[in-house]
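What follows is a set of notes on a single structure, which appears directly below.
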Amino acid sequence: MSTSASWRTHRCGDLRAEHIGEKVQLCGWAANRRDHGGVFFVDLRDRAGLVQLIADEDAPAEAGPALDALHAEDVIQITGTVRPRIAGQKNEDRDTGEVEVLVETVQVLSHAQRLPFEVLDELDAPEQLRMKHRYLDLRRAPMKRLMELRSRANHSIRTTLQGRDFIEVETPMMTRSTPEGARDYLVPSRVKPGSWYALPQSPQVFKQLCMVGGLDRYFQIARCMRDEDLRADRQPEFTQLDLEMSFVTEEDVYALVEAVVVALYRDVLGRELSAPFERMPYAEAIQKYASDKPDLRIPIEIVDLAGPGGQLGFMVFDGVLEKGGWVRGFRVPGGASLSRKQIDQIEQAAKDAGAGGAAWCKVTEDGATGPLSRFLEGDAGAAFLAALEAQPGDLVVTIADLPRRALVALDAVRRKAAELAEMVGEADRLVWITEFPLFEESDEGEWHPAHHPFTSPVLEDVEALAAGQKDGVRSRAYDLVLNGVELGSGSIRIHDRDLQQTLFSAIGIPPEEAEVRFTHLMEAFRYGAPPHGGFAIGLDRLYALMFGAASIRDVIAFPKTASGSCPLTEAPAPVDSEQLAELGLALDLPDTDGNASTDAP
RNA sequence: GGGGGUGUGGCGCAAUUGGUUAGCGUACCAGACUGUCGAUCUGGUGGUUGCGGGUUCGAGUCCCGUCACCCUCGCCA
């Protein structure tokens, strides 16, 4: 082992021409070995980078064989002297490429067996294997870069918020299950058998309690857990920047979040975003882009084609309109040059989104061609094309369906058409979506809060709310959207008990039940609650976008698969019966032919 | 929960219409080589084609089921 006071004098990746002549002691992983019979090379890698070790006739006799005996990813400690590379043998592609280390002694600190996959910067191992052996994956430079960027990004956020007098508060990871929202991950209590903690879906209640507690400005880089089915951009546990402020309006929250995001891009990427960000009311986003997270890089706007009388004069479409459906579409400027195959892809996008399909036509100097054109005879057809402002050379795409499906399909088709017509702009587009509806109507016709039940309505809509109206009542909730991706959302909360009661009764929760379901927060609000509001940004998703990562899993050190399992630890896993007994638990699993086991091996 | 895709030595891929002993690259092992940097050259080890059934004289290939992963709709206040 090391005989000197410390393990190393330098980091491999830090060595430069200025170190020439110095005696150095280095530690790291043997990344690559090249044996020329009389001269041996090894690339030694540490966190800082790679440096070339060499043993030739100038080195002690045992140095060459010692290098030659190394295996890929052995951890070694070497002593040697930094020297310039001979003429013509410098490596321009490497920061340390002007120098090499003439080796004197080699000490193997830890031997590496044959690897499950090769530690190469160029990705070639299956993702599941990378996750199972994440410690090997993290040795690759691209992964190291992502971990470093994430660390710097977190630091930037903390610096900005500390500088604005925010207090970073850690809220409980073991808390109480709340009735609303996603499915909870549960933790059984040993001391109180039959009772359970829940892992937080977000620190929502606690951050509001911080405001009642007078902390005034709270933030946290918080872990959240939701037991729901996963997606490419969703993990069962994820990280959000959670913040809350007292005595603020939407404007204060917007300005603060903009400051955080602008500083983040500047500190981490050296890029300047222009602030304030754009703003768009929810209703406008739905109307023009059929989405509450519109990608504004796409310069295509959707047009409502239903005439003033609610009729178009074409049987196909009027039937849809009579059933309360939508007929909406858009022109793709110059889209007539798209191939039939590409247009098929657009139609397929509509079908994948759940709509029956998309009706389309190409516009020429002599009128329309394509499947939709045969319905576009006469004045009604001309009016139809005029409403779309269609020009010769355009492609016209329309969707006719019930509103919910039409919405999803229009969004999908607009994105697909823009992608194929190469109409997605280069510049990032950040936009606040404002004035979200307070309620959403479910398929069963029930109204429930679109955000959460503590979201304040817009002041002008309170009367309508009190009068029992739900449809069209606006909330003081807002989302931040980047290039069609929702980065986060927030709202101004209700701090007034009367208004809170009005809201609860509006969604059919009687006062007594509200007390039971939201005891802690409702009680706190009895003792003086300041007006407050806040925001939460999903950091995994934002970082993946910022860093150009292929997946959010790449910006998470130890991610989980789409089924919520961890290939590295093989969690979730059964526990032994003693543990269950201690918790007062008995399993009642469906028979799945030995698949269900209560005992660990 | 629904739909789609993928699964072949450690890893990346191939294998004709269902047809011989499942090939190639890389990694690994051994040897050669004095300037490489994903070194090169020579030789070698390594496979129950995810798993289970079925069709067939014969299955990596076709069928059914199942598992894992990826994508997607539902879901995620």
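The structure displayed is predicted, hence computed values, not measured ones. A note on names: the letters A, B, ... follow the listed sequences, proteins ahead of strands, and every chain is numbered from 1.
Base pairing analysis places B/C57 opposite B/G19; the two distances defining the Watson-Crick or G-U wobble pair are each below 3.5 Å. Across the strands present, B/G43 finds its partner in B/C29; the criterion is a Watson-Crick or G-U wobble pair with both atom distances under 3.5 angstrom.
Nucleotides B/C33 and B/U17 have their P atoms positioned 49 Å apart, rounded to a whole Å. When the C1' atom is compared between B/G60 and B/C51, the two are found 15 Å apart, to the nearest whole Å. Going from the C1' atom of B/C41 to that of B/G23 covers 22 Å, rounded to whole Å. Only the P atoms considered, B/C62 is 28 Å distant from B/G1, to the nearest whole Å. A gap of 30 Å separates the P atoms of B/U20 and B/A27, to the nearest Å. Remark: the separation of the C1' atoms in B/G19 and B/A15 is 12 Å, to the nearest Å. Distance check on atom P: B/G10 versus B/G5 gives 27 Å, rounded to whole Å. Comparing the same atom, P, in B/C64 and in B/G4 gives a spacing of 11 Å after rounding to whole Å.
Residue whose closest nucleotide on RNA chain B sits further toward the 5' end, between A/R34 and A/G37: A/G37. Nearest-nucleotide assignment on RNA chain B puts the 5′-proximal partner with A/S551, out of A/S551 and A/R541.
Proximity of A/Q89 to the phosphate of B/U36: a side-chain N or O atom is located under 4.0 Å from OP1 or OP2. Remark: A/R231 is in phosphate contact with B/C73, judged by side-chain N or O atoms under 4.0 Å from OP1 or OP2. Distances shorter than 4.0 Å separate none of the side-chain N or O atoms of A/H71 from OP1 or OP2 on B/A27. At B/G35, none of the side-chain N or O atoms of A/R83 fall inside 4.0 Å of OP1 or OP2 (strictly under the cut-off). OP1 or OP2 of B/C69 has at least one side-chain nitrogen or oxygen of A/S563 nearer than 4.0 Å. Here A/S565 reaches the OP1 or OP2 of B/C69: one of its side-chain N or O atoms lies under 4.0 Å away.
Ion pairing of A/E98 with A/R16 is absent here, as no side-chain N (NZ or NE/NH1/NH2) approaches a carboxylate O to less than 4.0 Å. Look at A/D479 and A/K293 and you find no salt bridge, because none of the NZ, NE, NH1 or NH2 atoms lies under 4.0 Å from a carboxylate O.
Side chain of A/Q52, nearest nucleotide from B/C37, B/C29, B/G10: B/C37. Taking every side-chain heavy atom of A/D229 into account, B/C75 is the closest of B/C28, B/U34, B/C75. Taking the side chain of A/P126 as heavy atoms from C-beta on, and the options B/G35, B/C11, B/C37, the nearest nucleotide is B/C11. In this structure, the nucleotide among B/U34, B/C37, B/C71 sitting nearest to the side chain of A/V39 is B/U34. Residue A/A232 has its side chain nearest to B/U72 when only B/C11, B/U72, B/U26 are considered.
Remark: side-chain polar atoms of A/E73 are not paired, donor with acceptor, to backbone N or O of A/V119 under 3.5 angstrom. In terms of modelled atom types and a separation under 3.5 Å, the side chain of A/D461 and the main chain of A/R474 share a donor-acceptor contact.
Atom CZ in A/R415 sits roughly 15 Å away from atom C1' in B/C73 (whole-Å rounding). A/Q128 has its CD atom 11 Å from the C1' atom of B/C67, to the nearest Å. Computed from coordinates, the A/I552 CD1 to B/C70 C1' distance equals 14 Å when rounded to whole Å. We find that CG of A/D93 is positioned 12 Å from P of B/C37, with the value rounded to whole Å. Between the CG atom of A/L568 and the C1' atom of B/C69 there is a distance of 16 Å, rounded to whole Å. Whole-Å rounding puts the A/R45 CZ to B/C37 P distance at 19 Å.
Annotation: A/W432 is not in aromatic contact with A/Y282 [ring centroid separation under 6.0 Å not met].
Side-chain atoms of A/R130 stay outside donor-acceptor range of the base of B/C11, with no qualifying N/O pair under 3.5 Å. Below the 3.5 angstrom threshold, one finds a donor paired with an acceptor across the side chain of A/E100 and the base of B/G35. Evaluation of atom-type donor-acceptor distances gives a pair under 3.5 Å for the side chain of A/R234 against the base of B/C75. In terms of polar N and O atoms assigned as donor or acceptor, the side chain of A/N91 comes within less than 3.5 Å of the base of B/C37 in a complementary pairing.
Counting heavy atoms from C-beta on, the side chains of A/L26 and A/L15 come closer than 4.5 Å.
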Test log, rule side chain to side chain contact (heavy atoms under 4.5 Å, CB included), inputs A/D137 and A/R140: CA-CA 6 Å; A/D137 195 34; A/R140 299 167 47 241; 2.6 Å; yes
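A/Q128 and A/T561 form no side-chain donor-acceptor contact under 3.5 Å, judged by distance and modelled atom types alone.
Contacts of A/I54 with the nucleic acid, taken as non-hydrogen atoms under 4.0 Å apart, include base atoms. If you check every strand for non-hydrogen atoms under 4.0 Å, A/E122 touches nothing. Within 4.0 Å (heavy atoms only), A/D35 reaches at least one base atom of the nucleic acid.
For the pair A/F41 and B/U36, the ring geometry qualifies as stacking, because the centroid separation is below 5.5 Å while the planes lie within an angle under 30°.
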